Structure formats: C-alpha cells, structure tokens
Amino acid sequence: LKVLEGVSVKDADVPLLKNFKALEELRLTDTSNLTDESLAEYERAGKIRCLVVQVDLEEQSPVNPLRPMPVAPGISFQHTQVTAKGMAMLAGHPKIEWVRLGPAQMTEASWKHLPTLPSLRCVIAPSVRITEKEAAHLAGVKYLESFEGELTPGGVRALASCSRLRILE
C-alpha cells in the first residue's frame with residue numbers, strides 16, 4: 001500500500017503507521033487536529049515525509065465556488081495549533097507544493113521554515129498583513145509562483161526579487 005487517501009488519523013493511531021512499510025503518501029482529509037505534538041508522532045513513526053493534504057478544504061467554500069483549488073500536494077495549517085516547532089519537522093519535505101498559514105504560524109520563526117520546502121510554489125496567508133520581514137523569508141522560496149495575502153509596501157518590495165512569482169492576490 002503506497003497511498004492512504006481520504007483518511008483522518010487520530011494521534012493515538014499514528015504509531016500504527018510504522019506497519020505500512022511501503023507508504024509514500026498519507027492524504028489527510030482534515031488537518032484541524034494537527035499540533036506540534038502530533039507532527040512529532042508522525043516523525044517518530046517515520047512518516048512525516050508521507051504527510052500531505054491533496055485538496056485545500058478552505059477553497060471549497062460555497063462563498064467562492066469559482067476559485068480554483070490547489071490540486072497539488074500541500075498542507076493547511078489554517079485551523080491548527082502547529083507552530084514554528086512543528087513546521088521545522090516538515091523541513092525538506094519533498095512533496096509540499098502549497099501551504100495555507102493561519103494565526104499560529106504568523107511568527108518570524110515559522111516563516112523561516114518556508115524556504116526549506118524544496119517544492120513549495122504557493123503560499124496562502126489570508127487575513128494577515130505580511131511585513132517586509134516575513135516577505136523576506138518568503139522571497140527565499142526558490143520556486144514561489146503564487147502568494148495570497150495582504151502585503152505591506154515593504155512586503156511588496158521584498159518579493160520583487162522572486163523571478164517566478166506571477167500571482168499576487
């Protein structure tokens with residue numbers, strides 16, 4: 001079994017993932033239970049690199065039905081308590097192409113981890129003002145193509161060096 005799709009894994013069940021030796025992707029349907037501690041459980045089980053969310057559930061809102069959903073593997077931290085400590089555990093994750101950040105990740109320490117995701121192309125940070133300091137970390141994302149969020153003038157200047165950036169929303 002290489003892919004587990006449409007699953008919701010409770011923290012107590014994470015150690016059982018060790019039994020899936022060939023598992024390459026764990027496609028969660030709900031990330032609201034993710035915490036630094038639960039990410040540590042995935043790491044201890046040797047499955048942190050398998051963890052992805054296939055569809056951004058925030059984009060399925062009936063309020064905005066015409067908006068395209070990211071279909072590439074990514075992870076939403078929007079309604080989680082994952083902090084910079086948990087994000088550090090995902091450093092180097094080869095499959096994460098998009099992230100959705102929430103209030104718990106709006107620290108400089110959290111933003112420093114974004115450039116460590118080698119496949120990251122899209123960052124979504126709704127309802128947050130991104131300053132020059134956070135945007136400077138974002139500018140370090142090698143393949144950044146899209147950013148959604150509110151930028152200060154300094155944030156816009158910091159992202160000006162991103163040669164692949166084509167969507168600012």
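Numbers here simply count residues along the sequence, with the first being 1. This structure is a prediction, so every number in the text was calculated from the model and none was measured.
Heavy-atom minimum distance, Ser110 versus Gln105: CB-O, 3.1 Å. Taking each heavy atom of Asp36 and Lys85 in turn, the nearest pair found is OD2-CB, 3.7 Å. Closest of all the heavy-atom pairs between Cys50 and Leu23 is SG-O, 3.2 Å. Residues Trp111 and Ala125 approach most closely at CH2-CB, 4.3 Å, considering heavy atoms. Counting all heavy atoms, side chain and backbone alike, Met87 lies closest to Val82 at N-CG1, 3.9 Å. Annotation for Ala104 and Thr80: closest pair CB-O, 3.8 Å, computed over non-hydrogen atoms.
No side-chain heavy atom of Tyr42 sits less than 4.5 Å from a side-chain heavy atom of Arg44. Under the 4.5 Å side-chain criterion, counting only non-hydrogen atoms from C-beta, Leu39 is in contact with Leu51. A heavy-atom distance below 4.5 Å is not found between the side chains of Glu97 and Leu117.
Put simply, CZ on Phe147 and CG on Leu165 are 9.5 Å apart, with the number rounded to the nearest 0.5 Å. Distance check: Arg27 CZ to Glu5 CD gives 4.5 Å after rounding to the nearest 0.5 Å. Atom CG of Asp13 and atom NZ of Lys10 lie 8.5 Å apart (nearest 0.5 Å). Once rounded to the nearest 0.5 Å, the distance linking CD of Glu37 with CD of Gln81 reads 10.0 Å. Within the model, atoms CG of Leu26 and CD1 of Ile48 stand 10.0 Å from one another, a figure rounded to the nearest 0.5 Å. Residue Leu138 holds its CG atom at 8.0 Å from CG of Leu151, rounded to the nearest 0.5 Å.
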Using the rule given for side chain to side chain contact (heavy atoms under 4.5 Å, CB included), can you reason through Leu34 versus Ile75, listing the C-alpha separation, both sets of side-chain angles and the distance that settles it, and then say yes or no? CA-CA 10 Å; Leu34 283 182; Ile75 193 158; 3.9 Å; yes
Show the numbers, then the answer: is there a side chain to side chain contact (heavy atoms under 4.5 Å, CB included) between Leu4 and Leu17? CA-CA 10 Å; Leu4 279 176; Leu17 293 173; 4.2 Å; yes
Between Val123 and Leu101, is the side chain to side chain contact (heavy atoms under 4.5 Å, CB included) condition met? List the steps. CA-CA 8 Å; Val123 175; Leu101 303 174; 4.1 Å; yes
Can you list the steps and then say if Val99 with Leu90 is a side chain to side chain contact (heavy atoms under 4.5 Å, CB included)? CA-CA 11 Å; Val99 294; Leu90 294 167; over 6 Å; no
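For the side chain to side chain contact (heavy atoms under 4.5 Å, CB included) test, residues two or more places apart in sequence or in another chain that qualify with Lys18 are Ala45. By the side chain to side chain contact (heavy atoms under 4.5 Å, CB included) test, Pro118 pairs with no residue at all, sequence neighbours left out. Residues satisfying the side chain to side chain contact (heavy atoms under 4.5 Å, CB included) test with Ala109, not counting sequence neighbours, are Ala84, Thr107. Applying the side chain to side chain contact (heavy atoms under 4.5 Å, CB included) criterion to Glu24, with sequence neighbours excluded, gives Lys2, Lys95.
At least one donor-acceptor pair under 3.5 Å links the side chain of Lys47 to the backbone N or O of Phe20. Counting only distance, with no hydrogens or angles, the side chain of Arg121 and the backbone of Ser119 share a donor-acceptor pair below 3.5 Å. Using modelled atom types, one side-chain atom of Thr152 and one backbone atom of Ile130 make a donor-acceptor pair closer than 3.5 Å.
Listed by first and then second residue, the side chain to side chain donor-acceptor pair (under 3.5 Å) pairs involving residues 132-146 are Glu108-His137, Thr131-Glu134, Glu145-Arg166 (not counting sequence neighbours).
Hydrophobic cluster membership differs between Ile167 and Leu114, with clusters built from Ile, Leu, Val, Met, Phe, Trp and Tyr side chains linked at under 4.5 angstrom. Leu120 is connected to Leu168 through a chain of hydrophobic side-chain contacts under 4.5 Å among Ile, Leu, Val, Met, Phe, Trp and Tyr, so both are in one cluster.
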Show me the side-chain donor-acceptor pairs of residues 153-163 shorter than 3.5 Å, one per line, residues at least two apart or across chains.
none

